[in-house]
Protein chains: 2
Amino acid sequence: MAKVAKFDREAVIDIATKLYWKKGFHATSMRNLQDAIDMRPGSIYAAFGSKEGLFTETLRNYTDMGIEQLKQCRRENSSPIEALKAFMKAQVIDTQNSAPNGVCMLAKTINELTNENQALIDITKAHLGEIATEFVKLIEEAQVLGEVDNTKSAQELATHIQIQLVGLRTYGKVNNDKAQLNNIIDNIFNHYPF
Amino acid sequence: MAKVAKFDREAVIDIATKLYWKKGFHATSMRNLQDAIDMRPGSIYAAFGSKEGLFTETLRNYTDMGIEQLKQCRRENSSPIEALKAFMKAQVIDTQNSAPNGVCMLAKTINELTNENQALIDITKAHLGEIATEFVKLIEEAQVLGEVDNTKSAQELATHIQIQLVGLRTYGKVNNDKAQLNNIIDNIFNHYPF
DNA sequence: ATTTTATTTGAGCGATCGTTCAAATAAAAT
DNA sequence: ATTTTATTTGAACGATCGCTCAAATAAAAT
C-alpha cells in the first residue's frame with residue numbers, strides 16, 4: 001500500500017451537489033467546483049473521471065437524500081398520507097429559503113439538458129422513477145389502512161403527486177408565499193384524486 | 001439616410017427563440033446563434049446589444065406566441081373551459097414531438113437562472129404573470145357562462161392551471177405517453193377545483 | 001532508513017466563451 | 001457621379017472552458 005486519499009468523498013459530493021443543484025450542470029464550472037471542494041483538477045479527475053462523472057454522483061446523492069427525507073417523514077407520522085403531505089411541504093415550502101435551490105434538482109436537470117447529455121437524462125429519469133416508486137409504496141400502505149380508495153391506481157396517484165411537486169416547486173420560486181403554498185398542498189390531499 | 005438593415009428581425013428572433021428554448025440560456029453560445037441566424041457578431045450586437053438582450057426578446061416572443069395560441073384556442077371553442085383544455089393539450093402533448101422543447105421556456109428559465117441574471121428572472125416572472133392573467137380572463141368568462149363555480153377565485157384557479165402545466169410538461173418529457181397525458185388533462189377539468 | 005506507490009499539485013493544453021471595433025460595404029441623399 | 005452614413009464583416013481580444021500529465025508529496029511496506 002501507499003499514500004491514502006485524504007479527502008472526504010461524501011463531504012465533497014455533498015458540496016458538489018449543492019453547487020450543481022443551485023447553478024445547474026452547464027453553469028457550474030470545474031473551476032467553481034475546485035474552489036468549493038478545495039481540490040485540484042488532478043485529484044477531482046482521478047476521483048470522479050469527468051464533470052459528468054461528478055454530476056452523476058451528485059444526482060445519486062440528491063435522490064438518496066430525498067428518499068431518506070421521505071422515510072424520515074414516514075417515521076414521524078402515523079399516517080402514510082400525512083407523511084406524504086409533510087414531505088411535500090418540506091420539499092415545496094422549506095427548501096425555498098434553506099436549500100441551495102427551491103426547485104427539484106432532477107426536474108431542473110430534465111429541463112436543462114438535451115440529447116448531447118443523453119446519459120445524464122436517462123439517469124435522471126431513472127431517479128425520478130425511484131422516487132415515484134417510494135410514493136407508490138406509501139400510497140399502497142395508505143390503501144391497506146383505508147386512508148385512500150383502494151380501487152385507484154397507486155401508480156397513477158404517485159404520478160399525480162410527482163407532477164404537483166414539480167409544478168409547485170417552480171411556482172414557489174415565482175411566488176414564494178408560504179401560506180398559499182401550504183393551502184395548495186392541503187387542497188391536493190383534501191380533494192381528487194385523494 | 002443610408003444603408004438599411006436587410007435582416008428580418010422577426011425571423012431572427014424566431015430562430016433565436018427556438019435555440020434558446022431548446023438549449024437554455026447558458027448552453028446556447030453566441031456562436032450557435034451566429035450560425036443559426038446567419039449574422040456576424042457585429043450585426044447581432046448592433047441589433048440586440050448582448051446575449052441577454054437577444055434572450056430578452058426571445059422571452060417576449062415566446063410569451064406572445066403562447067398568448068396568441070390561447071386566443072386561437074378560444075376562437076375555435078365555444079366554451080372557454082374547452083378552449084383552456086385544448087390549449088393545455090396543445091402545450092403538454094403536441095409540443096413534446098414538434099416544438100424545440102416539450103417544457104415551458106419560462107419554467108425552464110426560472111429553473112435554470114440564478115441571482116447572477118436577476119433581470120432575466122424578473123422578466124420571466126412577469127411573463128408568467130401575463131399568461132396567468134389570460135387564464136384568469138378565460139376562467140372569469142367561464143364563470144359568467146356558468147361553466148365554473150363563480151364562488152371560486154379565478155386567480156387561484158389560474159394558478160392551479162399554471163402549476164399543472166409546468167408539472168405536466170416536465171412529466172411529459174420523462175414519460176411521453178400521449179394517452180396518459182390526455183387522461184390526466186381531462187381529469188384536471190373533470191374534478192376539483194373545476 | 002529506504003523503497004514503493006497511491007495521491008496531490010498546479011502549470012498549462014487547445015478550444016471556446018461573450019464581446020469589440022476598424023475596415024469594408026451598399027443604399028439613400030445630393 | 002459623388003458624398004453620406006447606417007449596416008455588415010470577421011479578425012481578434014482577454015477570459016474562461018474542461019481537462020491532462022509530469023513532478024512533487026507523503027504514508028505504508030520493507
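The chains referred to below are lettered A, B, ... by the order of the sequence lines, with proteins before strands, and numbering in each begins at 1. Keep in mind the model is a prediction, meaning the values are calculated, not measured.
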- Could you give the CE-to-C1' distance, from A:Met39 to D:dT20, as a whole number of Å? 16 Å
- Message: Is any side-chain heavy atom of B:Asn187 closer than 4.5 Å to one of A:Pro193?
- Response: no
- Query: Nearest-Å distance, CG (B:Asp38) to C1' (D:dT8)?
  - Reply: 11 Å
- Separation between OG1 of B:Thr17 and OH of B:Tyr62, rounded to the nearest 0.5 Å: 10.5 Å
- Message: Walk along nucleotides 12-24 of chain C from 5' to 3' and tag each nucleotide B, S or - by protein heavy-atom contact under 4.0 Å, base first, then sugar-phosphate.
- Response: -----SSBBB---
- Message: Using modelled atom types and a 3.5 Å cut-off, is there a donor and acceptor pairing between side-chain atoms of A:Asp64 and backbone atoms of A:Asn61?
- Response: no
- To the nearest angstrom, the CG-P distance between A:Asp8 and C:dT8 comes to 12 Å
- Item | Length of the CD-C1' vector between A:Glu116 and D:dG18, whole Å | 15 Å
- Message: Strictly below 4.0 Å, N to O, side chains only: are B:Asp35 and B:Arg31 in salt-bridge contact?
- Response: yes
- Item | Side-chain donor/acceptor of A:Lys51 to backbone N/O of A:Phe25, under 3.5 Å | yes
- Under 4.0 Å between a Lys/Arg side-chain N and an Asp/Glu carboxylate O for A:Glu68 and A:Arg75? yes
- Take the protein atom CD1 of B:Ile37 and the nucleotide atom P of D:dT9, then report the distance between them rounded to whole Å. 11 Å
- Looking only at atom types and distance, does a side-chain atom of A:Asn182 sit under 3.5 Å from a main-chain N or O of A:Lys178, one as donor and one as acceptor? no
- Intra- and inter-strand pairs of DNA chain D in dot-bracket (Watson-Crick or G-U wobble, both distances under 3.5 Å; | for another strand): ||||||||||||||||||||||||||||||
- Message: Without decimals, in angstroms, what is the distance between A:Leu120 CG and D:dG18 P?
- Response: 14 Å
- Between CD on residue A:Gln118 and CD1 on residue A:Ile123, distance to nearest 0.5 Å: 10.5 Å
- Item | Close side-chain approach of B:Thr109 and B:Tyr20, heavy atoms under 4.5 Å | no
- Note on the structure: What residues 14-21 of chain B contributes to the DNA chain C interface at heavy-atom separation below 4.0 Å is none
- In whole angstrom, what separates A:Leu33's CG from D:dC17's C1'? 13 Å
- Query: Any luck finding a side-chain donor-acceptor pair between A:Lys173 and B:Asn111 under 3.5 Å?
  - Reply: no
- Query: Given side chains that start at C-beta, do those of A:Lys85 and A:Asn77 come closer than 4.5 Å, heavy atoms only?
  - Reply: no
- What's the CG-P distance between A:Asp35 and C:dG10, to the nearest Å? 13 Å
